[in-house]
Visitor: 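Right, I'll just put the structure down here and ask away after.
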Amino acid sequence: MTTSEDPQSAGEGHMEYSTDYEMGQDNIRPMGLDIHNPVFLISSVVIFGFVLIALANQEATAEFFGWLRPWLTSTFDWFLVLSVNAITLFCLVLIVLPVGSVRIGGKDAKPDYSYAGWIAMMFAAGIGIGLLFFGVLEPVYYNFAEDGGARPLGVDITQPGNEYVGVVGTIHHWGLEGWAIYAAVGLSLAIFCYNLGLPLTLRSAFYPILGERVWGWWGHMIDTLAVFATLFGLTTSLGLGAQQVAAGLNEIFGIEPSNTVTVVLIIGITLIALGSVCLGMDKGVKRLSEINMVMAVCLFIFVILVTGVGAAISRYFSVMVDYVVMLPALSNPFGREDTSYFHGWTTFYWAWWIAWSPFVGMFIARISKGRTVREFIICALLAPTAVCALWMSTFGGAAIDMLNAGGAEGVKATVIDSYAPEGALFGFLKELPLYSIVAPISLILIVIFFVTSSDSGSLVIDTITAGGKMDAPVIQRVFWCTLEGLVAIALLLGGGLSALQGAAVSTGIPFTLVVLMMCYCLWLALRSERAKL
């Protein structure tokens with residue numbers, strides 16, 4: 001159980017890692033459970049305490065998170081942006097370096113899933129409800145918000161060629177940099193698990209610098225922080241999904257949105273997620289991921305056909321050029337005048353993506369055995385960026401065209417006249433043919449995205465709290481899936497959207513340090529693996 005005395009010399013030899021990690025697991029097994037003590041106990045007790053306090057003090061919770069989010073995003077803006085820039089450059093460099101040929105699981109490893117299944121699961125877990133919630137809302141808001149600081153870089157949309165600056169600003173948040181965070185964490189976990197024989201948990205990635213101490217309190221703290229980040233990042237998406245489903249029920253069936261309706265929705269969809277969790281990865285998560293990807297593609301094809309294929313393609317290439325040109329300025333944290341866009345959206349997004357990174361990173365690591373580093377990064381970074389940009393430019397760009405032409409009253413009412421973001425998608429669909437058919441299908445798609453995020457997150461948190469075991473008892477998955485729903489309810493009742501976002505940011509910022517260190521440890525491990533070849 002050793003590491004080389006000089007890890008930097010990995011180009012000449014290679015590091016050896018302890019695979020006898022059971023000696024440090026300290027697992028307890030009451031009632032047939034497989035609990036990694038103290039990570040399970042600390043995280044579950046703290047989260048239960050948070051739920052009780054938030055529900056008992058809803059006004060104070062709302063006030064606290066209403067203050068917390070803007071304070072964090074304005075205080076740590078430079079740190080978040082520079083960190084995400086560094087992570088993105090690191091991932092891009094790995095594509096062209098010789099270490100890109102290293103194969104996850106060893107040179108003879110074979111993929112467990114087809115390309116279609118692999119990408120579907122990766123994409124569904126990484127995006128969650130975001131495409132449907134923000135696809136129309138965000139581009140329109142940036143273009144037409146009365147607050148001039150909400151427009152990316154303060155660009156004047158009345159000037160020719162600037163009509164879609166809102167789409168460009170949205171792609172910035174759903175493109176290269178966000179997916180780079182997922183890719184860095186996912187690749188780290190995959191290499192240390194499948195190539196070096198360590199458990200699939202966050203602490204394993206720190207073996208090069210902590211050694212056997214990863215099985216002690218250093219490792220416990222890393223994994224516990226990962227649980228908090230995952231849970232609060234995930235509940236933000238669950239809360240957004242519940243609000244959007246409630247808006248859809250109102251539009252389609254006339255059911256008035258309320259806290260009661262939202263809570264019932266969270267409970268109902270959590271129960272569906274429990275069924276998927278009990279079925280496991282292949283029968284539950286994989287099948288749901290493939291279903292929602294097929295439905296999302298069908299919705300996309302419908303929208304692009306009825307709004308104009310030629311216009312959509314032209315718009316896409318135009319905004320992608322603008323995105324590349326504007327990216328350096330959008331990634332600069334200093335001297336910004338677009339403060340509402342930068343603090344209210346960009347810094348929140350980076351903290352949210354980082355909070356989601358243990359969940360998505362571990363999930364895509366778990367399904368990526370047999371892929372090369374180069375293949376992994378291209379499929380987990382470049383391909384999703386292109387697809388997200390296509391979705392945002394199609395939905396958001398078409399909505400902007402409608403508004404400029406004097407239409408899209410539903411979008412205008414929910415985004416511009418009165419800010420009701422959960423209704424933006426349905427306001428947009430009202431402008432298209434076959435609304436009575438497309439709207440219910442979209443509602444079902446939102447629910448499936450909701451369920452996929454919940455069951456995937458439960459599997460990941462369960463893996464972390466079981467010390468990296470991928471076959472922990474089903475009852476533990478049920479426990480975490482239930483707890484996710486309770487946290488989402490507590491945050492929605494105790495402050496709504498601002499509470500959900502504040503919780504995600506508060507865990508995402510400290511976890512940024514963890515991701516940066518993971519990148520360094522990953523580099524050491526990849527050099528070692530390359531040397532073996």
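Throughout, numbering of the chain's residues begins at 1 and tracks the sequence.
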Visitor: Relative to the ring of W71, is the ring of W67 parallel (under 30°), tilted (30 to 60°) or perpendicular (over 60°)?
Guide: parallel

Visitor: Could you give the distance from CD1 (I441) to CG (L429), rounded to the nearest 0.5 Å?
Guide: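 Reported to 0.5 Å precision, the distance equals 10.5 Å.
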
Visitor: Once rounded to the nearest 0.5 Å, what's the spacing between atom CG of L132 and atom CG of L240?
Guide: 11.5 Å

Visitor: Is a donor on one side and an acceptor on the other found under 3.5 Å between the side chain of T224 and the backbone of M221?
Guide: no

Visitor: Any donor and acceptor pair, going by atom type alone, linking the side chain of N85 with main-chain N or O of S331 inside 3.5 Å?
Guide: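 Here the side-chain-to-backbone pair exists.
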
Visitor: Do L131 and C388 have side-chain heavy atoms sitting under 4.5 Å apart?
Guide: yes

Visitor: Give me the ring orientation class for W391 and F395: parallel if the planes are under 30° apart, tilted from 30 to 60°, perpendicular past 60°.
Guide: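 W391 vs F395 ring planes: parallel.
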
Visitor: Please examine the side chains of E484 and I461, heavy atoms only from C-beta on, and report whether any two atoms are closer than 4.5 Å.
Guide: yes

Visitor: Within the side chain of R203, is there an N or O that forms a donor-acceptor pair under 3.5 Å with the backbone of D223?
Guide: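 Between the backbone of D223 and the side chain of R203 there is no qualifying donor-acceptor contact (under 3.5 Å).
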
Visitor: Under a 3.5 Å distance rule, please check whether D338 uses its side chain to pair with a backbone N or O of A150 as donor and acceptor.
Guide: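 No; judged by distance alone, with no hydrogens or angles, the pair does not exist.
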
Visitor: Treating T75 as the side-chain partner and L72 as the backbone partner, does any N or O pair qualify as donor plus acceptor under 3.5 Å?
Guide: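 A pair under 3.5 Å: no.
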
Visitor: Flag the pair F50 / F232 as yes when their ring centroid distance falls below 6.0 Å, and as no otherwise.
Guide: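 Distance test on ring centres: under 6.0 Å, yes.
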
Visitor: Determine, stepwise, if the pair W353 / Y349 fulfils ring-ring contact (aromatic ring centres under 6.0 Å, His included).
Guide: CA-CA 6 Å; W353 284 86; Y349 267 119; 7.4 Å; no

Visitor: Within the side chain of S258, is there an N or O that forms a donor-acceptor pair under 3.5 Å with the backbone of V261?
Guide: yes

Visitor: Answer yes or no: is there a side-chain heavy-atom contact under 4.5 Å between L189 and M518?
Guide: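 Yes. Closest side-chain heavy atoms under 4.5 Å.
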
Visitor: Look up atom SG in C519 and atom CD1 in I87, then write down how far apart they are to the nearest 0.5 Å.
Guide: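 Separation between the atoms: 5.0 Å.
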
Visitor: Please step through ring-ring contact (aromatic ring centres under 6.0 Å, His included) for the pair F342 and F348, ending with a clear verdict.
Guide: CA-CA 9 Å; F342 183 54; F348 159 69; over 10 Å; no

Visitor: What distance do E409 atom CD and D417 atom CG have between them, rounded to the nearest 0.5 Å?
Guide: 7.5 Å

Visitor: Give a yes or no on whether the backbone of G502 and the side-chain of S506 come within a donor-acceptor separation of less than 3.5 Å.
Guide: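 Between the backbone of G502 and the side chain of S506 there is a qualifying donor-acceptor contact (under 3.5 Å).
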
Visitor: Is it true that a side-chain atom of R213 and a backbone atom of L210 form a donor plus acceptor pair closer than 3.5 Å?
Guide: yes

Visitor: Does A180 offer a backbone N or O that forms a donor-acceptor pair with the side chain of T88 under 3.5 Å?
Guide: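 No, because the side chain of T88 does not come within donor-acceptor range (under 3.5 Å) of the backbone of A180.
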
Visitor: Name the orientation class of the two ring planes belonging to W174 and F134 (parallel below 30°, tilted from 30 to 60°, perpendicular beyond 60°).
Guide: tilted

Visitor: Just verifying a value: how many Å separate L327 CG and H172 NE2, rounded to the nearest 0.5 Å?
Guide: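 Rounded to the nearest 0.5 Å, the CG-NE2 separation comes out at 6.5 Å.
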
Visitor: Under 6.0 Å from the ring centre and within 45 degrees of the ring axis: does the NZ or CZ of R151 meet both conditions for the six-membered ring of Y341?
Guide: no

Visitor: Working to the nearest 0.5 angstrom, can you tell me the gap between T512 OG1 and L80 CG?
Guide: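 If I round to the nearest 0.5 Å, the distance is 5.0 Å.
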
Visitor: Does a side-chain heavy-atom distance below 4.5 Å link E138 with F133?
Guide: no

Visitor: Can you tell me if CD on E63 sees more than 12 non-hydrogen neighbours from other groups inside 6.0 Å?
Guide: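 Counting other residues, nucleotides and ligands, CD of E63 stays at 12 neighbours or fewer.
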
Visitor: Do the two ring centres, one from F76 and one from W350, sit under 6.0 Å apart?
Guide: no

Visitor: Aromatic contact between F40 and F479, with the criterion being ring centroids under 6.0 Å apart: yes or no?
Guide: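 Yes, the ring of F40 comes within the 6.0 Å limit of the ring of F479, centre to centre.
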
